[in-house]
Trainee: 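Sending over a structure as structure tokens; questions will come in a sec.
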Amino acid sequence: MSVWSAILLAALICLALKAIGYLVPPKVLEAPRPARISDLLTVGLLAALVAVQTLGDGQAVIVDARVPALLVAAGLLWLKQSFLVVVFAAALVAALLRLAGLAA
């Protein structure tokens, strides 16, 4: 199987899953349990994405300037700061740590 065949097969599977989703009645999706599962699944997937992008480098786990920057961002979000302030502060922390040679 060539790479393009695998890509085409994956695209068709995604399209079929999306089409099946449209066939589910809204009454089923608006029930309390599926709505709660959907909310929790979204948070879990986002947390996993953040963890992989922060700590992952191929197959290795890397702790560098991104970890303190993420902690600063989490603290500022907890304090309900605006998103622009959070992003700027996290970028500034990572840049200053890299400039000082304290993190890669």
Side-chain angles (χ1 to χ4, degrees):
M1 176 183 270
S2 72
V3 174
W4 288 109
S5 298
I7 291 172
L8 183 61
L9 179 62
L12 290 173
I13 290 171
C14 288
L15 183 64
L17 285 172
K18 187 168 183 146
I20 289 170
Y22 284 117
L23 298 176
V24 177
K27 181 180 176 183
V28 173
L29 297 176
E30 293 169 357
R33 181 172 285 179
R36 180 76 175 143
I37 289 171
S38 174
D39 289 343
L40 293 175
L41 187 61
T42 303
V43 171
L45 288 173
L46 182 58
L49 177 64
V50 168
V52 167
Q53 292 297 315
T54 302
L55 300 172
D57 187 19
Q59 295 292 326
V61 174
I62 303 295
V63 177
D64 58 8
R66 294 176 289 185
V67 175
L70 181 64
L71 293 174
V72 167
L76 289 173
L77 285 172
W78 184 65
L79 294 172
K80 301 195 185 306
Q81 293 297 314
S82 71
F83 185 71
L84 188 59
V85 170
V86 170
V87 171
F88 182 74
L92 183 64
V93 166
L96 290 175
L97 286 173
R98 288 181 175 143
L99 183 66
L102 298 174

Trainee: Give me the one residue out of Val61, Val50, Leu70 that meets side-chain contact (heavy atoms from CB on, under 4.5 Å) with Leu55.
Mentor: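 So, applying the side-chain contact (heavy atoms from CB on, under 4.5 Å) to Leu55 and each of Val61, Val50, Leu70, only Val61 qualifies.
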Trainee: Is it true that Ile37 and Leu46 fall in one hydrophobic cluster, defined by side-chain heavy atoms closer than 4.5 Å?
Mentor: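 Not linked; separate clusters.
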Trainee: Can you list everything that forms a side-chain contact (heavy atoms from CB on, under 4.5 Å) with Ile62? Sequence neighbours excluded, please.
Mentor: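 Ile62: side-chain contact (heavy atoms from CB on, under 4.5 Å) contacts with Asp57, Ala60, Asp64, Arg66.
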Trainee: Would you give the length of the straight line joining atom CG of Leu40 to atom CG of Leu45, rounded to the nearest 0.5 angstrom?
Mentor: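 Interatomic distance, Leu40 CG to Leu45 CG, rounded to 0.5 Å: 11.0 Å.
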Trainee: To the nearest 0.5 Å, tell me how far Ile7 CD1 sits from Leu12 CG.
Mentor: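 Those atoms lie 12.0 Å apart.
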Trainee: Over all heavy atoms of both residues, which pair between Ala65 and Ala94 is shortest? Give the atoms and the distance, please.
Mentor: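 Scanning both residues, the minimum pair turns out to be CB-O, 3.8 Å.
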Trainee: Would a single hydrophobic cluster contain both Leu76 and Leu92, if residues Ile, Leu, Val, Met, Phe, Trp and Tyr are joined by side-chain heavy-atom contacts under 4.5 Å?
Mentor: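 No.
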Trainee: Which hydrophobic side chains are connected to Val24, either touching it within the sub-4.5 Å cutoff or through other members that do?
Mentor: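 Hydrophobic cluster check, Val24: joined to Val28, Leu29.
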Trainee: Taking atom OG1 of Thr54 and atom CG of Leu49, what is their separation to the nearest 0.5 Å?
Mentor: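 Answer rounded to 0.5 Å: 8.5 Å.
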Trainee: Can you give me the closest heavy-atom contact between Ala73 and Ala90, atom names plus distance?
Mentor: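 Answer, listing the atom of Ala73 first, then Ala90: CB-CB, 4.1 Å.
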Trainee: Which heavy atom of Ala31 sits nearest a heavy atom of Pro34, and at what distance?
Mentor: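 Heavy atoms of Ala31 and Pro34 come nearest at O-CD, 3.4 Å.
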